[in-house]
Each structure stands twice: as structure tokens, then as C-alpha cells.
Amino acid sequence: MRLSRVLLLYLPLLVVLVGAALYFAYNPGDVTLEWLGYRLDMHVGAAVFLIVVVFLLLHFLWWVLSLVLHSPQSFSLAMSNSRKARGYRALTRGLTAVAAGDAAEARRQAKVAHDLLGEPPLTLLLAAQAAQLAGDESSAERYFAHLTHAPETALLGLRGLTTGALKRGDEAAALTHAEKAMGVAPQAAWAAETAHRLQVKAGKLDLAKESLNQLARAGGMNPKEAQRRRAGLLTEQARRILSEPGNAAESGRAQAMAREAVKLAPDLVPARLALGRALLRQGKVREAAKLIEQVWDDQPHAALGRFYLEAVGGDSPLDRAQRVEKLVKQNPDHAESHRIAADAALTAKLWGEARRHLQRLIELEQAAGDDGAPSADTCRRMARLEAGENGAGSSGERQWLDAALRARADADWICDSCGTPGAGGPETAGWQLCCPRCDAIDSLAWRAGAASPRHGALEGGLLIDQAPEETAGLLGAGAAAFPASAPAGAPLGPIPHGSAGAQPGPKPGPAAGEPAPREGAAAAPIGASVDAARRVN
């Protein structure tokens, strides 16, 4: 490296000097200078040498003069650089203290850095983090607010303000800061995600669509997830519109939103339910029923089946049962097909058809379930069948009602995050976009969970809801009837029609010496469970 530098720099200079010397040697001459009565004769080479020396001397004198003139400024610059060096050392130590969790040292170094550097962004950030570490949220918020005044640090300050507002539970302020951050930096995925979540929770669904688009553009959500989230937003909007009694224009707006949601996510059951409800409200019964028929081959669902029973209508329960049979033929090996067929047959009092479908439903549930037992929903239907065929209070009805209380809970929209059932209305069978407990977005999935008041009796083929407190009380009254030896979830097959067990036997009288029971007194445990479950079902 040094040899190359010598060859490239000094060798050409040496060549020039040797060439000049040779030139003057072969071309001799004299230089005469006359000035102020003096005459100076010299060789031309000496004259050139003298000129070079004078030039170098003048250059040296200019350098000394410049050094003297700029010495105050140079001294000030040196002092400033020293202060900055000490300030950045304090800043580094303060950030290290924050990382180590030493709040006192962090605040001390932040003060030193502030005194030496003033208020650059890093100093304010260190002061804010030190205040947060010490629990002084008001000071931290003041420092973050200072950061928002400069365009280059506005995003950093807004993020700190958003975090602080969320920490103290002020979601309105957090939403305001997050929306400002979206405007300052559209590429900030955290701002779009925070604003979207808070907008959905606050019910600002139109704004949530805009933040969703920005979140997808920023790369915070892949296109497929964003498309399904948009479908969920549209479904929630349609659900809220349909939950309020409105005019035809509102129903039309809900229909348009639900239809777009179905196009974006054809497998989103609540979107299809909301569209069907909007169509029914406009009197488009056939189109609402066709909406279920289109997906029954590949996507049977209990909520869709219940809605179909309402949509097909009919002049009589028998007409409804006949129309439901056409839907069953589309997917004859699915449990939900036999469930709605049994509901229609029970309403039409077609006991034989109802028993056939319920027996097939029990077989499918036993094959699919881990405990090998039918669901509580199916047990209640069997109890209704026994009551219809053999009269209320028959032994078959009692056994099935007791089995319903022991069986696994019915499926419902359950939050995957906290296990809470959805609290939406009948427009979407209880589904809602946000969990009513933990506020998770689009976390409700259809699965077995806690008993829900939505699973009530069927009257005329339509589901009748029960009040939550009433249902809980009735189930509690029947819980005492369980025999201690009965295993939970034990398989229970259907009781044959007309069996001896289905005939009520004579009631034994009171034992000798015991007082006769008063009229209206509490029944035996098995009777209590039957009475309670019959009121529920």
C-alpha cells in the first residue's frame, strides 16, 4: 500500500523536478531585477527557486494568521464536542440502565444527558422511558408529547402516548393517538392494528374498514385474513342493523352488506344467516331458503338448519316437513340433516319419521363423539318424541330428559380466547364480531361449550329462546335428580315405541304411619328433574 502511494504521488513529482533541472541546465540564462535603484542579477534557476521559497513563506504566514483569527471559534467547537461526547456517554449509560431496570440511575443519566445535549429526540426518549420505569406516567406522557412536535420524532411520541393511554385504560385517547399515527406514518402496522382493534370495539365499523385496508397495505395482515376480517365487519354491521326494527331501506342496506360478506367469505355462516334474515324481512322467502340449499351439500350447520325451518314456512307443518326432506336428500349422511328433519317431523306429529331421523342422528353423534353418547340437544328431542307418542310424564320422556342433563353441552358460538359464548341476537344465532368478555375480534367458533339459553324448545319448527336466569334455575332444580352411580355421558339408546317401559305404572301410596303428601308438595327427585327439563324444552 505504501509503495503504491510512493509510486503514484512522489514519483511523478520527482520526475517533474528532474525534468525542470535538466531543462534549466541545457537552457542557461540570467534574470535581472532593477528596483528602487538596485540591480539584481541571478541565474534563472536561482530565480525560480527564490520564487518557490517566497510562495511557501507567504503560505505559512497566512496559515499562522488564520489560526490566530479562528482560535476562539476552534476553542468553542472543541468544548462543544467535549460536551456532546460526555452527553452521549450519559445517554448510553441511561439506556443501559433502562434495559437493566435501574430506574434511579436511568433518571440520573437522563438529567446529565439533558444538561449536556439539550433536548434531542434520544434525550427525550430516555427521559420518557426512565419516567415510565419509575412509574411516573404523567412525566412520561409530557416527554412523549414533546416528541410529537418534531416531524421526525412524531411517530415515536405518538406510540408512547398510545401505549400510556392503553395502560391507564383510556381507550378513547389511545384511539385518537393511533389514528394520528396512521396519518403520520401510513406504513406503521402497529398504528393501523391498534386503531382497527379500538375502532371495532367502539363500534366504529366504517372507520375500522379503512384501518383494515391500511393494515393490509402495511403488511400487518395477509390478504386472505384481511378479506375474511372485512367480511366479519360487514356481517357485524348487517347484524346491528337487523337487530333494530327499521324500514325497508335499512333492510336493503343490511342485505347489501351481508351479500358482500358472503361473496368475500362463502364459509362464514353468520354472514349467510344475516343475508337470509334481511331477505326474509323483505319477503324474499324462496331466495332465503335457496341461500341455505346452496351450501348444504358441503357446509351443513345447525344454525343454518334452524334458519331453514323458518324460511321454508309452508301452509302447514306437514308441508314444511315435506320441503325439509328435499334438503335432507342433498346430504343424507350428515347429522344436521337428520336434526332439522326430526324437528320438522316432530312439529308435524309424524312420530315415525321423527324416530327414524332421531335414531340415525344418535348413531352419527355416537360415532363422532368422544363419549359415545348423544348430545343434550338430541336427548331433548327424543324426550319430546316420547311425550308426543306416549304422553307427558312417560318413563321414556323421563329417561331422555335425565340423559339430556348429563349429556355434553350443546354447540354454540364460543370464544376461542376465553371460552365465553357469544351474546349476539337471533339474526346470527348469537354470533358477534367481538367477544363480549375479552373483546377478541373474530374469535367465536361453533363448538361445544357451556349451556346456552339459545338452545330452547322448538315450537312449530322454530327455536324459542329461554331467559338465561330462568334456564339456569331450572337446570339447577333438575341437577339433584342425578343418581350418584350414573356415569356422566353414559350412552343411552332410543326407547322402542310402545315398549312396556313407556307405560306409566301405579304410584305407591304412603307407608304406614307416614303422613300423606300435601297437595303441591315437592315431587320425588326423578319428578323434579322431569318437570324442570320439560319447562326448558
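If you're wondering where the values come from, they're calculated on a predicted model, not measured in any experiment. The residues of the chain are indexed from 1 along the displayed sequence.
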Is the shortest heavy-atom distance from the side chain of E365 to the side chain of C379 under 4.5 Å?
no
For S394 and E386, does a side-chain donor sit closer than 3.5 Å to a side-chain acceptor?
no
Could you tell me whether K209 atom NZ has more than 12 heavy atoms of other residues or ligands within 6.0 Å of it?
yes
For side-chain hydrogen bond (donor to acceptor under 3.5 Å, both in side chains), just list the numbers for H196 and R229, CA-CA rounded to whole Å, side-chain angles, deciding distance to a tenth of an Å, and then say yes or no.
CA-CA 11 Å; H196 176 73; R229 178 64 60 82; 3.1 Å; yes
Provide the full list of salt bridge (charged side-chain N to carboxylate O under 4.0 Å, His left out) pairs with a residue in residues 243-255, sequence neighbours left out, each pair given once.
E250-R253
Thinking salt bridges, do K290 and E287 make one under a 4.0 Å N-O criterion?
no
Partner of E336 by side-chain hydrogen bond (donor to acceptor under 3.5 Å, both in side chains), out of H338, H334, R339:
R339
Heavy atoms, side chains only, cut-off 4.5 Å: are C435 and L444 in contact?
yes
Could you measure the distance from the CG atom of L433 to the OG atom of S443? Nearest 0.5 Å is fine.
8.5 Å
Do the side chains of K329 and D297 get close enough for a salt bridge, i.e. N-O under 4.0 angstrom?
no
Search all heavy atoms of A258 against all heavy atoms of A271 and return the closest pair with its distance.
CB-O, 4.0 Å
May I ask you to test the R239-Q432 pair for a side-chain heavy-atom distance under 4.5 Å?
yes
Checking D412 side chain against I414 main chain: does a donor-acceptor pair fall under 3.5 Å?
no
Should the pair E293-K326 be classified as a salt bridge under the 4.0 Å nitrogen-to-oxygen rule?
no
Side-chain contact, heavy-atom cut-off 4.5 Å: H301 with I292?
no
Between D170 and A165, is there a donor-acceptor pair closer than 3.5 Å when you use the side chain of the first and the backbone of the second?
no
Side chain proximity check, E141 to H146, heavy atoms < 4.5 angstrom:
no
Nearest atoms (heavy-atom pairs only) where A440 meets S417:
CB-OG, 3.8 Å
Starting from the C-alpha separation in whole Å, work towards a yes-or-no answer on salt bridge (charged side-chain N to carboxylate O under 4.0 Å, His left out) for D267 and R228.
CA-CA 10 Å; D267 61 335; R228 181 173 178 85; 3.5 Å; yes
Distance check, rounded to the nearest 0.5 Å: E225 atom CD versus N222 atom CG?
3.5 Å
Salt bridge check: are R398 and D402 linked by an N-O gap of less than 4.0 Å?
no
Distance (rounded to the nearest 0.5 Å) between W413 CH2 and W446 CH2:
6.5 Å
Which heavy atom in P436 sits nearest to a heavy atom in P421, and how many Å separate them?
CG-O, 3.6 Å
Let me see the working for R384 and E397 under salt bridge (charged side-chain N to carboxylate O under 4.0 Å, His left out), right down to the final yes or no.
CA-CA 7 Å; R384 184 182 174 194; E397 182 190 14; over 6 Å; no
Return the minimal non-hydrogen interatomic distance between Y308 and A289, and the atom names on each side.
CE1-O, 3.6 Å
Can you find a heavy atom in the side chain of L268 that is under 4.5 Å from one in the side chain of V262?
no
Assess, by modelled atom type and distance only, whether the side chains of S337 and W296 contain a donor and an acceptor separated by less than 3.5 Å.
yes
Strictly below 4.0 Å, N to O, side chains only: are R168 and E137 in salt-bridge contact?
no
Listed pairs under 3.5 Å, donor-acceptor, residues 148-159 side chains, sequence neighbours left out:
{"unit_1": "T148", "atom_1": "OG1", "unit_2": "A145", "atom_2": "O", "d": "2.5"}
{"unit_1": "H149", "atom_1": "NE2", "unit_2": "A145", "atom_2": "O", "d": "3.4"}
{"unit_1": "T153", "atom_1": "OG1", "unit_2": "L147", "atom_2": "O", "d": "2.5"}
{"unit_1": "T153", "atom_1": "OG1", "unit_2": "A150", "atom_2": "O", "d": "3.4"}

Pair N213, S211: side-chain N/O donor-acceptor within cut-off below 3.5 Å
no
Indicate every side-chain donor-acceptor pair of residues 175-195 with a distance under 3.5 Å to a residue at least two apart or in another chain.
{"unit_1": "T176", "atom_1": "OG1", "unit_2": "A172", "atom_2": "O", "d": "3.1"}
{"unit_1": "E179", "atom_1": "OE2", "unit_2": "Q199", "atom_2": "NE2", "d": "3.0"}
{"unit_1": "T194", "atom_1": "OG1", "unit_2": "W190", "atom_2": "O", "d": "2.8"}

I need the minimum non-hydrogen distance between I241 and A254, along with the two atoms involved.
CG2-CB, 3.8 Å
Any salt bridge between R360 and E363, counting N to O under 4.0 Å?
yes
Full working for salt bridge (charged side-chain N to carboxylate O under 4.0 Å, His left out) between R323 and D319
CA-CA 6 Å; R323 294 182 183 181; D319 294 336; 5.8 Å; no
If a pair satisfies salt bridge (charged side-chain N to carboxylate O under 4.0 Å, His left out) and one of its residues is in residues 418-439, list it, with sequence neighbours excluded.
K201-D439
For residues R230 and E260, determine if any side-chain heavy atom of one lies less than 4.5 Å from a side-chain heavy atom of the other.
yes
To the closest 0.5 Å, what do you measure between CH2 (W351) and CG (L358)?
11.0 Å
Looking only at heavy atoms, which two atoms of C434 and V200 are closest? And how far apart?
SG-CG1, 3.4 Å
Exercise answer: donor-acceptor pairs, residues 272-284 side-chain atoms, under 3.5 Å, sequence neighbours excluded:
{"unit_1": "R272", "atom_1": "NH1", "unit_2": "L291", "atom_2": "O", "d": "3.1"}
{"unit_1": "R272", "atom_1": "NH2", "unit_2": "P266", "atom_2": "O", "d": "3.2"}
{"unit_1": "R277", "atom_1": "NH1", "unit_2": "E310", "atom_2": "OE1", "d": "2.8"}
{"unit_1": "R277", "atom_1": "NH1", "unit_2": "E310", "atom_2": "OE2", "d": "3.0"}
{"unit_1": "R277", "atom_1": "NH2", "unit_2": "E310", "atom_2": "OE1", "d": "3.2"}
{"unit_1": "R281", "atom_1": "NH2", "unit_2": "L242", "atom_2": "O", "d": "2.7"}
{"unit_1": "Q282", "atom_1": "NE2", "unit_2": "Q255", "atom_2": "OE1", "d": "3.4"}

Taken to the nearest 0.5 Å, the spacing of E325 CD from R320 CZ works out to 14.0 Å
Please enumerate all residues that pass side-chain contact (heavy atoms from CB on, under 4.5 Å) together with L205, with sequence neighbours excluded.
L233, E236, Q237, R240
Any R217 side-chain heavy atom under 4.5 Å of Q214 side chain
yes
Between CG of L166 and CG of L161, what distance do you get to the nearest 0.5 Å?
11.0 Å
